[in-house]
Amino acid sequence: MFKKAVEAKAQQRLSGADRKKLRRTVRDKFPRASDADIDALLPPKAEIIVAKFQNRVHVYGVEGGFPVFFDVDGRGSEIYPTVFALWKVPELLPSFMLKGGEVSQFVIGGADLMFPGISVAAGGLASFSAGEPWAVKVPGNPAPIAVGSTTMSSDEALKAGLRGKALRIMHYYRDLLWESVEGHYVPNAGFLEDVVFEDPLFLASNQPSDSFEGDTHGSDAQQSHINNENIGESVNVNDVIAETSAASIQNDSVNAAKEITLDACDLKSTDNDAAAKSDIELYSLSIEDVDSHLDRCLLQALHTTVKDKDLPIPGSTLWSNHVLACRPSGITVDIKKSSHKKLSKWLQAKSSTGLITIKEDKYKKEAMLISVNRSHPDYLPFKPEKRPVEKVDQAADCAASECCSQKVLEVVEVYKSSVHVNSIFASVGADTGKLYSASEASDIVFKYIEKENLVKQTEKAIVVLDATLCDALFKGAIKKGSTYPTEIHKKDLGATFISRMQAHHIVTRGSESVVRKGVLKTVHIMTERRQGNKKVTKVSGLETFLIDAEALASELQKKFACSTTVVELPGLRVNILMGEIFTVTVIIVALDATANGLDVFRHPFPLILFPFS
């Protein structure tokens, strides 16, 4: 359904009547869902967006959130939940259990689900009809990986000897609908790039079980035969004869539902998990150790992140986005400390062994990865490393939260009396050398109005201007020849009075605080293209928010594996030799520079800023 890229021809908000109709359709189509479940997926007060595609598919989602349902024909007769909805409400659909995590690579590769790839419970095949929506799960992982429609009933399946196609897959993890969501969210650590295994946290908190409520299972003695298009071809029906406890099935289902609900409440991004790892070198590596780590990182990347469909890719991209991302935790891999000294020489050495094919781009003068020999003797025996989620003790979390709270940035706009309004301050006895907030400054002018009784008697919202107040608000601001106003509305009085004062701002970060005159200056981020195809991102104005330019340059150098420099200007400027405007902006916002204080120029793609607290 979502294997090929199709652009949405229209996108609009649902009216109140259409939202009620959608909720009724979901309630009728999925009787297992409670009202609370439907409210969780389609919040009553949230805006629901529908994207209409050229192939008649309608995708429904909460504005600013995830897609939750899709309608195959746009008529409401074939509506299915997305994997995001199933991760949030696990009991929405019954599910088939695969025989192992290895089978999942074919499902998320786009193949339909065959009966021999399904684990059938000892109590027998669950009852279902043809055309019913069912989900697909992996043993030891409560989060579904796909959703589809049954091709036959359970009675027809038993008559056919549990052979043939069981589920026509409509949507799966890592298809184009999943990839359309920014951030590429996954529910737990078992979801890798090309395969899904058991969730380590789920296994640690629950006893391994071979059954879920509504799931179908099979004997461990059954073997699955898998090809690139379908999953399995044969199964021994005589093995499916034992009985199982219904109470045990229900308990396991409740445990799984609780676990996935907790997981879905805090969806984690694979990109964020990789970025959170420490870059501190724990010990000094020899040249041989660096060469060995480089080889393992390359093989790990070729198995997990480098796909043939993405080739060719530049060598620098291979290094920064794939090889460095696969380095062991706590180890810094530096190509200059290897026997090759340069990235191009290392890639040529790997090319000479036949593992990869490298060709130099005559325009960019850069090595390009053209192909990967996946039948190479070094590639075949290598088993990619699973990256479990690291457990952090509660004490460390508390210490980190306290540290962050101490460094939270606070920016306050304040105002000081000027020559224009000094007479007003003197009349009410206010200190002209003190800094006032906007509300405090407005109180002063209203005190003067109350003291002089300037409120219009016939219309309480109007203030009559005397000579002192009129000069304070408009002297020097009215063009010659124009008459001065005699009245002003109360709602305009405060803003006009504040505009005549001197603007200041107080910036506080932790124990450090500074008061500056004038309006708050912005952080400027822009890119420029230099000789060749190099892009430089320039950041200036960091000193306004008490951000250490040297520290930021060091952090960006680690993040992007690129060179950074700090240039002395009227304000410190950080130059990054990469065109990474979006990520640089998010990092600066994460350092507590507010989104309102950022100016971005020439960004090559839509920029979304998320304020961090």
Side-chain angles (χ1 to χ4, degrees), residues 1-3 83 86-87 90 93-122 125-126 128 133-152 154 157 160-175 178 186-200 202-203 208-212 214-237 239-240 252 256 260 303-304 307 374 380 383-387:
M1 181 61 63
F2 299 100
K3 295 180 182 179
V83 290
L86 292 175
W87 294 343
L93 290 180
S95 58
F96 290 113
M97 184 69 68
L98 299 180
K99 287 189 175 180
E102 297 79 8
V103 181
S104 64
Q105 61 181 318
F106 298 96
V107 175
I108 66 178
D112 289 331
L113 180 63
M114 306 296 286
F115 278 108
I118 299 174
S119 178
V120 182
L125 189 67
F128 55 86
W134 277 61
V136 181
K137 291 183 179 179
V138 171
N141 197 322
I145 66 171
V147 62
S149 174
T150 54
T151 60
M152 63 181 74
S154 55
L162 294 184
R163 294 184 179 88
K165 186 182 299 184
L167 199 67
R168 182 166 60 94
I169 300 297
M170 311 296 293
H171 161 53
Y172 52 89
Y173 161 64
R174 298 207 67 84
D175 67 359
W178 177 86
V186 294
N188 55 58
F191 280 67
L192 304 181
E193 183 159 357
D194 54 357
V195 69
V196 178
F197 291 107
E198 63 275 1
D199 177 20
F202 177 73
L203 294 179
S209 176
D210 292 330
S211 59
F212 290 89
D215 295 354
T216 56
H217 306 273
S219 171
D220 293 337
Q222 297 173 353
Q223 302 295 327
S224 63
H225 180 71
I226 304 167
N227 54 33
N228 289 334
E229 294 298 328
N230 297 314
I231 303 177
E233 294 178 354
S234 61
V235 69
N236 187 356
V237 186
D239 291 340
V240 190
D252 291 338
I260 188 173
H303 274 272
T304 57
K307 304 300 178 183
R374 303 195 183 273
L380 292 176
K383 294 184 179 180
E385 176 187 359
K386 295 182 183 179
R387 300 297 176 94

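Because the structure is a prediction, the values reported are computed rather than measured.
- Looking at Asp112, its side chain does come within 3.5 Å of a backbone N or O of Ile169 through a donor-acceptor pair.
- Note that the CZ atom of Phe191 and the CG atom of Asp199 stand 8.5 Å from one another [nearest 0.5 Å].
- From Met114, atom CE reaches atom CG of Leu167 across 11.5 Å, with rounding to the nearest 0.5 Å.
- Partners of Arg168 under the salt bridge (charged side-chain N to carboxylate O under 4.0 Å, His left out) rule, at least two apart in sequence or in another chain, do not exist in this structure.
- Rounded to the nearest 0.5 angstrom, Leu98 CG and Gln105 CD are separated by 11.0 Å.
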side-chain contact (heavy atoms from CB on, under 4.5 Å) assessment of Phe96 paired with Leu113
CA-CA 9 Å; Phe96 290 113; Leu113 180 63; 4.1 Å; yes

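- Applying the side chain to side chain contact (heavy atoms under 4.5 Å, CB included) rule to Val83 yields the partners Trp87, His171, Trp178; only residues at least two apart in sequence or on another chain are considered.
- Rounding to the nearest 0.5 angstrom, the gap separating the CD1 atom in Ile118 from the CE atom in Met97 is 11.0 Å.
- A distance of 6.0 Å separates OG1 of Thr150 from CZ of Phe128, quoted to the nearest 0.5 Å.
- The shortest heavy-atom contact between Leu93 and Pro133 is CD2-O, 3.6 Å.
- Listed by chain and number, the residues in a side chain to side chain contact (heavy atoms under 4.5 Å, CB included) with Ala157 are Phe115, Leu125, Met152, Leu162 (sequence neighbours excluded).
- Contact record, Ala189 with Pro200: CB-CD, 4.3 Å, taken as the closest heavy-atom pair.
- Nearest approach of Pro142 to Lys137, heavy atoms of both residues: O-CE, 3.4 Å.
- Proximity of a side-chain donor or acceptor of Asp175 to a complementary backbone N or O of Lys3 within less than 3.5 Å is not detected.
- The closest side-chain heavy-atom distance from Tyr172 to Val136 is not below 4.5 Å.
- Atom NE2 in His303 sits 13.5 Å away from atom CG in Leu192 (nearest 0.5 Å).
- Formation of a donor-acceptor pair under 3.5 Å by the Lys165 side chain with backbone atoms of Thr151 is not found in this model.
- Of all the heavy atoms in Leu86 and Ala135, the pair that sits closest is CD1-CB, 4.0 Å.
- Under the rule for a salt bridge (charged side-chain N to carboxylate O under 4.0 Å, His left out), the partners of Lys307 that lie at least two apart in sequence or sit in another chain are Asp194.
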